[in-house]
Amino acid sequence: MDRDYDAELGALRFRLSPVLLEIMEASNHWAVLKRQAVLAFQSRYGLRLYEIVALRKNMQHKSSEVFELAELRDRLGVPAGKLPRWNDLNRYAIKPAIAEVNQLSGFTVSYEPVKRSRSVVAVRLSWDVGTEEERAKTAKELQGSKVGRKARRNGTVEMQALTFPAAGSIEFSKPWNEIARTYGNGKDKDMIATDFRNWCQSQGIPLDKAGIEKTFEGFCNRAKI
(Lines give C-alpha, C1' and ligand atoms only; values in the text may rest on other atoms or scores of the structure.)
Protein backbone atom coordinates (compact mmCIF):
# COMPACT_ATOMS: atom_id res chain seq x y z
CA MET A 1 0.00 0.00 0.00
CA ASP A 2 1.44 3.36 -1.03
CA ARG A 3 0.83 6.46 1.04
CA ASP A 4 1.29 10.06 -0.06
CA TYR A 5 1.34 12.86 2.47
CA ASP A 6 0.36 16.40 1.59
CA ALA A 7 2.03 18.55 4.26
CA GLU A 8 0.13 21.72 3.33
CA LEU A 9 -3.36 20.21 3.44
CA GLY A 10 -2.60 17.56 5.99
CA ALA A 11 -4.31 14.86 3.92
CA LEU A 12 -3.41 11.21 3.47
CA ARG A 13 -4.01 9.39 0.18
CA PHE A 14 -3.98 5.60 0.20
CA ARG A 15 -3.57 3.48 -2.91
CA LEU A 16 -5.07 -0.01 -2.75
CA SER A 17 -3.73 -2.88 -4.81
CA PRO A 18 -5.41 -3.49 -8.20
CA VAL A 19 -6.73 -6.82 -6.94
CA LEU A 20 -8.49 -5.26 -3.97
CA LEU A 21 -9.85 -2.47 -6.15
CA GLU A 22 -11.35 -5.01 -8.53
CA ILE A 23 -12.90 -6.90 -5.64
CA MET A 24 -14.38 -3.77 -4.07
CA GLU A 25 -15.58 -1.90 -7.15
CA ALA A 26 -19.09 -3.39 -7.47
CA SER A 27 -22.09 -1.70 -5.82
CA ASN A 28 -24.35 -4.68 -5.10
CA HIS A 29 -24.81 -6.94 -2.08
CA TRP A 30 -21.53 -8.67 -2.74
CA ALA A 31 -19.70 -5.34 -2.77
CA VAL A 32 -20.89 -4.60 0.76
CA LEU A 33 -19.61 -7.94 1.97
CA LYS A 34 -16.39 -7.45 0.06
CA ARG A 35 -15.58 -4.09 1.61
CA GLN A 36 -16.37 -5.32 5.09
CA ALA A 37 -14.57 -8.62 4.56
CA VAL A 38 -11.37 -6.99 3.31
CA LEU A 39 -11.23 -4.95 6.51
CA ALA A 40 -12.17 -7.92 8.68
CA PHE A 41 -9.53 -10.40 7.54
CA GLN A 42 -6.73 -10.78 10.05
CA SER A 43 -4.45 -13.19 8.20
CA ARG A 44 -2.55 -12.65 4.99
CA TYR A 45 -3.37 -16.17 3.83
CA GLY A 46 -7.09 -15.70 4.38
CA LEU A 47 -7.17 -12.42 2.45
CA ARG A 48 -5.14 -13.83 -0.44
CA LEU A 49 -7.42 -16.89 -0.67
CA TYR A 50 -10.41 -14.57 -0.64
CA GLU A 51 -8.93 -12.70 -3.60
CA ILE A 52 -8.47 -15.98 -5.49
CA VAL A 53 -12.09 -17.03 -4.99
CA ALA A 54 -13.73 -13.60 -5.35
CA LEU A 55 -12.15 -13.04 -8.76
CA ARG A 56 -13.44 -16.40 -9.99
CA LYS A 57 -16.99 -16.38 -8.66
CA ASN A 58 -18.53 -15.23 -11.97
CA MET A 59 -16.78 -17.83 -14.10
CA GLN A 60 -19.49 -19.87 -15.80
CA HIS A 61 -19.30 -23.65 -15.52
CA LYS A 62 -16.29 -23.41 -13.23
CA SER A 63 -16.39 -23.80 -9.49
CA SER A 64 -13.02 -25.41 -8.82
CA GLU A 65 -9.42 -25.15 -9.93
CA VAL A 66 -6.25 -27.17 -9.38
CA PHE A 67 -3.19 -25.30 -8.14
CA GLU A 68 0.29 -26.80 -8.05
CA LEU A 69 1.74 -26.40 -4.56
CA ALA A 70 4.38 -23.92 -5.70
CA GLU A 71 1.73 -21.77 -7.39
CA LEU A 72 -0.61 -21.98 -4.40
CA ARG A 73 2.21 -20.95 -2.03
CA ASP A 74 2.89 -17.96 -4.26
CA ARG A 75 -0.77 -16.97 -4.52
CA LEU A 76 -1.24 -17.23 -0.74
CA GLY A 77 1.88 -15.15 -0.16
CA VAL A 78 3.80 -17.82 1.74
CA PRO A 79 7.38 -16.50 2.11
CA ALA A 80 10.09 -18.41 0.25
CA GLY A 81 11.43 -21.29 2.32
CA LYS A 82 8.55 -21.18 4.79
CA LEU A 83 6.20 -24.13 5.33
CA PRO A 84 8.04 -26.40 2.85
CA ARG A 85 6.29 -29.59 4.07
CA TRP A 86 2.74 -30.29 2.95
CA ASN A 87 1.52 -30.98 6.48
CA ASP A 88 2.80 -27.59 7.67
CA LEU A 89 1.41 -25.73 4.64
CA ASN A 90 -1.94 -27.40 5.17
CA ARG A 91 -2.04 -26.79 8.92
CA TYR A 92 -0.77 -23.24 9.11
CA ALA A 93 -1.86 -21.71 5.80
CA ILE A 94 -4.53 -23.58 3.85
CA LYS A 95 -6.89 -24.72 6.62
CA PRO A 96 -6.84 -21.40 8.56
CA ALA A 97 -7.31 -19.44 5.32
CA ILE A 98 -10.31 -21.54 4.28
CA ALA A 99 -11.85 -21.25 7.76
CA GLU A 100 -11.51 -17.46 7.68
CA VAL A 101 -12.90 -17.15 4.15
CA ASN A 102 -15.87 -19.34 5.03
CA GLN A 103 -16.58 -17.22 8.10
CA LEU A 104 -16.18 -13.76 6.58
CA SER A 105 -16.77 -13.82 2.83
CA GLY A 106 -20.15 -15.38 2.06
CA PHE A 107 -18.40 -18.13 0.09
CA THR A 108 -18.15 -21.79 0.96
CA VAL A 109 -14.67 -23.01 0.12
CA SER A 110 -13.30 -26.54 0.35
CA TYR A 111 -10.17 -28.29 -0.85
CA GLU A 112 -8.84 -31.69 -1.87
CA PRO A 113 -5.16 -32.69 -1.95
CA VAL A 114 -3.99 -34.03 -5.31
CA LYS A 115 -1.43 -36.79 -4.93
CA ARG A 116 1.20 -38.28 -7.16
CA SER A 117 2.24 -41.60 -5.69
CA ARG A 118 2.23 -40.81 -1.97
CA SER A 119 3.15 -37.15 -2.23
CA VAL A 120 0.75 -34.20 -2.36
CA VAL A 121 1.69 -32.20 -5.45
CA ALA A 122 -1.33 -29.95 -5.89
CA VAL A 123 -4.59 -28.80 -4.32
CA ARG A 124 -8.03 -28.61 -5.88
CA LEU A 125 -9.89 -25.62 -4.50
CA SER A 126 -13.66 -25.64 -4.83
CA TRP A 127 -15.98 -22.73 -4.08
CA ASP A 128 -19.63 -21.85 -4.08
CA VAL A 129 -21.79 -18.95 -3.01
CA GLY A 130 -23.21 -19.56 0.43
CA THR A 131 -26.91 -20.04 1.03
CA GLU A 132 -29.09 -17.11 2.04
CA GLU A 133 -28.87 -18.28 5.64
CA GLU A 134 -25.08 -18.54 5.44
CA ARG A 135 -24.78 -15.06 3.89
CA ALA A 136 -26.97 -13.64 6.65
CA LYS A 137 -24.72 -15.28 9.22
CA THR A 138 -21.67 -13.80 7.47
CA ALA A 139 -23.21 -10.32 7.45
CA LYS A 140 -23.98 -10.59 11.17
CA GLU A 141 -20.41 -11.70 11.88
CA LEU A 142 -18.95 -8.79 9.91
CA GLN A 143 -21.18 -6.28 11.69
CA GLY A 144 -20.41 -7.68 15.14
CA SER A 145 -17.40 -7.42 17.40
CA LYS A 146 -14.11 -9.04 16.49
CA VAL A 147 -13.85 -10.25 20.07
CA GLY A 148 -14.30 -14.00 20.10
CA ARG A 149 -14.30 -14.24 16.30
CA LYS A 150 -11.43 -16.71 16.18
CA ALA A 151 -13.12 -18.89 18.81
CA ARG A 152 -16.35 -18.86 16.81
CA ARG A 153 -14.43 -19.69 13.64
CA ASN A 154 -12.64 -22.61 15.27
CA GLY A 155 -15.81 -23.89 16.88
CA THR A 156 -14.46 -23.47 20.39
CA VAL A 157 -16.43 -22.11 23.33
CA GLU A 158 -15.76 -18.53 24.17
CA MET A 159 -15.59 -18.55 27.93
CA GLN A 160 -16.77 -15.38 29.60
CA ALA A 161 -15.56 -14.71 33.13
CA LEU A 162 -18.42 -14.38 35.61
CA THR A 163 -18.54 -11.88 38.45
CA PHE A 164 -20.73 -12.30 41.50
CA PRO A 165 -22.87 -9.17 42.10
CA ALA A 166 -21.16 -6.97 44.68
CA ALA A 167 -24.49 -5.70 46.04
CA GLY A 168 -28.25 -6.01 45.68
CA SER A 169 -30.65 -8.86 45.18
CA ILE A 170 -29.83 -11.93 43.10
CA GLU A 171 -33.51 -12.87 42.76
CA PHE A 172 -33.46 -12.19 39.01
CA SER A 173 -29.72 -12.45 38.43
CA LYS A 174 -28.55 -15.48 36.44
CA PRO A 175 -26.91 -17.85 37.11
CA TRP A 176 -26.71 -16.89 40.78
CA ASN A 177 -30.43 -17.18 41.52
CA GLU A 178 -30.55 -20.63 39.94
CA ILE A 179 -27.50 -21.83 41.88
CA ALA A 180 -28.92 -20.54 45.17
CA ARG A 181 -32.31 -22.14 44.49
CA THR A 182 -30.76 -25.48 43.51
CA TYR A 183 -28.09 -25.79 46.19
CA GLY A 184 -29.17 -23.42 48.97
CA ASN A 185 -31.16 -25.91 51.05
CA GLY A 186 -34.23 -23.65 51.02
CA LYS A 187 -32.47 -20.63 52.52
CA ASP A 188 -33.47 -17.18 51.26
CA LYS A 189 -31.39 -16.46 48.15
CA ASP A 190 -30.53 -12.88 49.13
CA MET A 191 -29.47 -13.97 52.60
CA ILE A 192 -27.17 -16.54 50.98
CA ALA A 193 -25.79 -13.82 48.70
CA THR A 194 -25.05 -11.52 51.65
CA ASP A 195 -23.40 -14.33 53.60
CA PHE A 196 -21.38 -15.31 50.54
CA ARG A 197 -20.08 -11.76 50.02
CA ASN A 198 -19.08 -11.55 53.69
CA TRP A 199 -17.41 -14.95 53.52
CA CYS A 200 -15.48 -14.05 50.36
CA GLN A 201 -14.29 -10.83 52.00
CA SER A 202 -13.11 -12.71 55.08
CA GLN A 203 -11.27 -15.23 52.91
CA GLY A 204 -9.79 -12.64 50.58
CA ILE A 205 -11.61 -14.13 47.59
CA PRO A 206 -12.40 -11.63 44.81
CA LEU A 207 -15.93 -11.80 43.45
CA ASP A 208 -14.58 -11.97 39.89
CA LYS A 209 -12.10 -14.79 40.41
CA ALA A 210 -12.07 -17.58 37.84
CA GLY A 211 -14.68 -20.20 38.71
CA ILE A 212 -16.54 -17.98 41.18
CA GLU A 213 -19.77 -19.75 40.21
CA LYS A 214 -18.33 -23.06 41.46
CA THR A 215 -17.21 -21.36 44.66
CA PHE A 216 -20.75 -20.02 45.16
CA GLU A 217 -22.23 -23.44 44.46
CA GLY A 218 -20.03 -25.03 47.11
CA PHE A 219 -20.92 -22.28 49.58
CA CYS A 220 -24.64 -22.84 48.93
CA ASN A 221 -24.23 -26.56 49.54
CA ARG A 222 -22.94 -25.75 53.01
CA ALA A 223 -25.66 -23.19 53.79
CA LYS A 224 -28.16 -24.05 56.52
CA ILE A 225 -31.68 -22.82 57.10
Side-chain angles (χ1 to χ4, degrees), residues 29-47 49-50 90-110 128-225:
H29 169 75
W30 277 104
V32 175
L33 289 180
K34 289 171 185 174
R35 295 187 188 97
Q36 292 176 327
V38 165
L39 297 176
F41 276 98
Q42 295 179 302
S43 75
R44 174 202 309 176
Y45 302 144
L47 181 57
L49 178 61
Y50 175 56
N90 186 34
R91 179 180 179 183
Y92 296 109
I94 297 175
K95 283 186 175 180
I98 288 177
E100 194 168 23
V101 168
N102 287 345
Q103 183 188 36
L104 300 175
S105 71
F107 289 113
T108 299
V109 180
S110 60
D128 195 4
V129 176
T131 64
E132 183 176 347
E133 180 179 354
E134 289 170 337
R135 293 199 303 271
K137 184 177 180 180
T138 296
K140 182 178 180 180
E141 182 66 51
L142 291 173
Q143 293 165 4
S145 171
K146 291 183 179 180
V147 176
R149 180 169 288 167
K150 184 176 181 180
R152 293 190 293 274
R153 179 164 66 245
N154 296 337
T156 55
V157 178
E158 182 183 1
M159 299 301 293
Q160 297 288 340
L162 293 175
T163 300
F164 191 86
S169 175
I170 63 168
E171 179 66 31
F172 304 103
S173 179
K174 293 184 178 181
W176 316 112
N177 56 348
E178 297 173 353
I179 293 174
R181 182 178 65 251
T182 302
Y183 300 102
N185 297 309
K187 187 174 181 178
D188 180 79
K189 291 188 287 292
D190 289 338
M191 289 181 63
I192 295 177
T194 299
D195 291 344
F196 179 66
R197 295 182 187 111
N198 292 336
W199 178 78
C200 285
Q201 184 177 12
S202 69
Q203 299 298 314
I205 299 175
L207 296 178
D208 61 351
K209 90 174 189 69
I212 190 66
E213 67 276 14
K214 290 296 183 182
T215 304
F216 183 54
E217 180 180 317
F219 181 85
C220 290
N221 267 319
R222 299 190 297 271
K224 302 297 182 181
I225 299 177

Search all heavy atoms of [X] against all heavy atoms of [Y] and return the closest pair with its distance.
{"X": "Lys187", "Y": "Asp195", "answer": "NZ-OD2, 2.6 Å"}
{"X": "Ile192", "Y": "Cys220", "answer": "CG2-SG, 3.7 Å"}
{"X": "Gly46", "Y": "Ser43", "answer": "N-OG, 2.9 Å"}

Validation row: [X], [Y] side chains within 4.5 angstrom (heavy atoms):
{"X": "Tyr50", "Y": "Phe107", "answer": "yes"}
{"X": "Phe196", "Y": "Ile170", "answer": "no"}
{"X": "Asn90", "Y": "Lys95", "answer": "yes"}
{"X": "Leu49", "Y": "Ile98", "answer": "yes"}
{"X": "Val101", "Y": "Phe41", "answer": "yes"}

task: Could you label the plane-to-plane angle of the Trp176 and Phe164 rings as parallel, tilted or perpendicular, counting under 30° as parallel and over 60° as perpendicular?
output: perpendicular

Check: Arg197 side chain, Pro165 main-chain N or O, donor-acceptor pair, under 3.5 Å: yes

query: Taking Glu100 for the side chain and Gln42 for the main chain, is one N or O donor matched with an acceptor at less than 3.5 Å?
result: yes

message: Taking NZ in Lys209 as the centre, count heavy atoms belonging to other residues, nucleotides or ligands within less than 6.0 Å. Is the count above 12?
response: yes

- request: Please indicate whether Glu213 has more than 12 foreign heavy atoms, meaning atoms of other residues, nucleotides or ligands, lying under 6.0 Å from its CD.
  value: yes

message: Hydrogens and angles aside, do Asp190 and Ser169 bring a side-chain donor and acceptor to less than 3.5 Å of each other?
response: yes

Can you tell me how far the [atom1] atom of [X] sits from the [atom2] atom of [Y], to the nearest 0.5 Å?
{"X": "Lys189", "Y": "Arg181", "atom1": "NZ", "atom2": "CZ", "answer": "6.5 Å"}
{"X": "Leu207", "Y": "Gln201", "atom1": "CG", "atom2": "CD", "answer": "9.0 Å"}
{"X": "Leu162", "Y": "Ile212", "atom1": "CG", "atom2": "CD1", "answer": "9.5 Å"}

From CA spacing to verdict: side-chain contact (heavy atoms from CB on, under 4.5 Å), Trp199, Thr215: CA-CA 11 Å; Trp199 178 78; Thr215 304; 3.8 Å; yes

